[in-house]
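Read the structure below first, then the notes.
Protein chains get the first letters and strands the later ones, always in sequence-line order, with residue 1 at the start of each. On a predicted model such as this, the values are computed, not experimentally measured, just so you know.
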Protein chains: 2
Amino acid sequence: MPDGDKTPSVRDQILDEATRLFAAQGFGATSVQAIAEAVGIRKPSLLYHFESKELLRDAVLERILARWNELLPGLLVAAAKEDRFDGVMNALTSFFLEDPDRARLLLREVLDRPTELRAMLVKHVRPWVAVVSDQLERARRDGFVHADADVEAYAVHVIHLVVGGVAVMETMGAALGGRSSVTRERMTKELVRLARAGLFVDPRRTTRSERSESARSERAGSKRNK
Amino acid sequence: MPDGDKTPSVRDQILDEATRLFAAQGFGATSVQAIAEAVGIRKPSLLYHFESKELLRDAVLERILARWNELLPGLLVAAAKEDRFDGVMNALTSFFLEDPDRARLLLREVLDRPTELRAMLVKHVRPWVAVVSDQLERARRDGFVHADADVEAYAVHVIHLVVGGVAVMETMGAALGGRSSVTRERMTKELVRLARAGLFVDPRRTTRSERSESARSERAGSKRNK
DNA sequence: CCATCTGTCTACCAGATGGTAGAGAGTGCG
DNA sequence: CGCACTCTCTACCATCTGGTAGACAGATGG
């Protein structure tokens, strides 16, 4: 009884379509009916897999969180090595650019259910912010990071910059001059530059790069696609 | 029939409550009934003032835009002067901090109606971005601004940083360590610092030395709803 | 063969939704 | 006074909402 590899299980299809629709229209504006239709089943069949719309919402959110948590260990390893900033920024941006619906859905949850999301943030984000800002605070005392920076608030802003930025990128790009085909690239590149220059006194130099071996160039050239 | 000074007209009360509820729950999740109840009238009375829910949404958005446009001329003057980074940032942050519902509502519109909002951005934001980035581009060539900056994309990111940042500030603050009473101040201050350091080669040096740290936050804090 | 379990369906529910019809109430005005 | 105008109301509508009841089909397994 293993899962079919070709066609995802009905359950997963429901989660896929629910993610898409919740991200696009919001939870309140999306009907169970609409999700069922998108999957190609009837409403009661959907409600057989998820007892209620609320539970479906929870499952959708949980799945995104689970995917992020799969990525976390590797991220922490990357953060421990030399090229922290690039590694972390790359992981963050990749995760959300890979499927912008994740960003849109999370952003909507923040707007729709602030209290619930606060609890979630305290549990899933705050410890990570603490780790990162510890590192940053050290770098700040060493003079690599702007002296007047509030590194903790900075970390939170950067998270929002990435999540929110990806969520609205396509639309906000309309405020830009050039052709829309390159909007995403431009915005992403400038986003990373802004985050870096907002942090480091000398943005061209990473925290401990002057002491690093040549492992840095390997890492930098690894994931620059799209 | 002049405007009552004490009690705003029913029409304005409807717009107020609609703004509040749309911002808090989203358009799709807010019923006409709920808005009418918040105002203290019956549903058909509301629909007498606004023929449909859609038209009410338009009116709400339009009113926010109108208020912003009242502010624009002064802002452009400030931007035209030599180095009025603080002026522009202050105007932006003040406008949204004064009533965070504006930020939340705009953010929701971007998520809910991307195509419509693109048109709005092209009309209302893009010209302003063009003016600002012209100034920034000049400053870049003069060496005041980071050489590798994409000033246009930067401007768009900063707009999002402020609008989105204000919209989610209270919730995202949960990822922060300290007490929540100072969260807003901390986040606002760091937001401005991040924007400045992300732009200027030497963030400390501005033509007008703004060295007071509390002059801004005092202006910012005014209204508390709910 | 029968019993059970899983999953999908049709038919239905009570309540909410956006919106309408039309009856007044209050005011202003000739 | 009567007429018109503005505004709010009760009563109602068709449609949609999330959710339930229960029939039925196809496996599974004794």
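Atom pair E37(B):CD and dC9(D):C1' shows a separation of 15 Å (rounding to whole Å applied). With rounding to whole Å, F50(B) atom CZ is found 12 Å from dC7(D) atom P. Between the CZ atom of R57(A) and the C1' atom of dG19(D) there is a distance of 17 Å, given to the nearest Å. Nucleotide dC24(D) holds its P atom 19 Å from the CZ atom of R42(A), rounded to whole Å. The separation between I41(B) atom CD1 and dT10(D) atom C1' is 15 Å, rounded to whole Å.
Put simply, the side chain of S133(A) never gets that close to the backbone of L136(A): no donor and acceptor are under 3.5 Å apart. The backbone N or O of L111(B) sits less than 3.5 Å from a side-chain atom of R108(A), completing a donor-acceptor pair. Put simply, the side chain of Y154(A) never gets that close to the backbone of R193(B): no donor and acceptor are under 3.5 Å apart. Using modelled atom types, one side-chain atom of T93(B) and one backbone atom of N90(B) make a donor-acceptor pair closer than 3.5 Å.
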Without placing hydrogens or testing angles, list every side-chain donor-acceptor pair under 3.5 Å for residues 155-178 of chain A, not counting sequence neighbours.
| unit_1 | atom_1 | unit_2 | atom_2 | d |
| --- | --- | --- | --- | --- |
| H157(A) | NE2 | M187(B) | O | 2.8 |

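Within residues 11-18 of chain A, no residue places a heavy atom under 4.0 Å from DNA chain C.
The shortest distance between the side-chain N/O atoms of Y48(A) and the OP1/OP2 oxygens of dT8(C) is not below 4.0 Å.
Which of dT8(C), dC7(D), dC9(C) sits closest to the side chain of H49(B) comes down to dC7(D).
Taken to the nearest 0.5 Å, the CD1 atom of I64(B) stands 10.0 Å off from the CG atom of L15(B).
Shown here, dG30(D) forms a base pair with dC1(C); the pair counts as Watson-Crick or G-U wobble because both key distances fall under 3.5 Å.
Around CD of E51(B), the count of heavy atoms belonging to other residues, nucleotides or ligands within 6.0 Å does not exceed 12.
Relative to the six-membered ring of F85(A), R196(A) misses at least one condition, a distance below 6.0 Å or an angle of at most 45° to the axis.
Scanning both residues, R113(A) and L61(A), for their nearest heavy atoms gives NH2-CD2, 3.9 Å.
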Pairwise N/O distances under 3.5 Å, protein to nucleotides 18-22 of chain C:
| unit_1 | atom_1 | unit_2 | atom_2 | d |
| --- | --- | --- | --- | --- |
| dG18(C) | OP1 | K53(B) | NZ | 2.9 |
| dG18(C) | OP2 | V32(B) | N | 2.9 |
| dG18(C) | N7 | K43(B) | NZ | 2.9 |
| dG19(C) | OP2 | K53(B) | N | 2.8 |
| dG19(C) | N7 | K43(B) | NZ | 3.4 |
| dG19(C) | O6 | K43(B) | NZ | 3.0 |

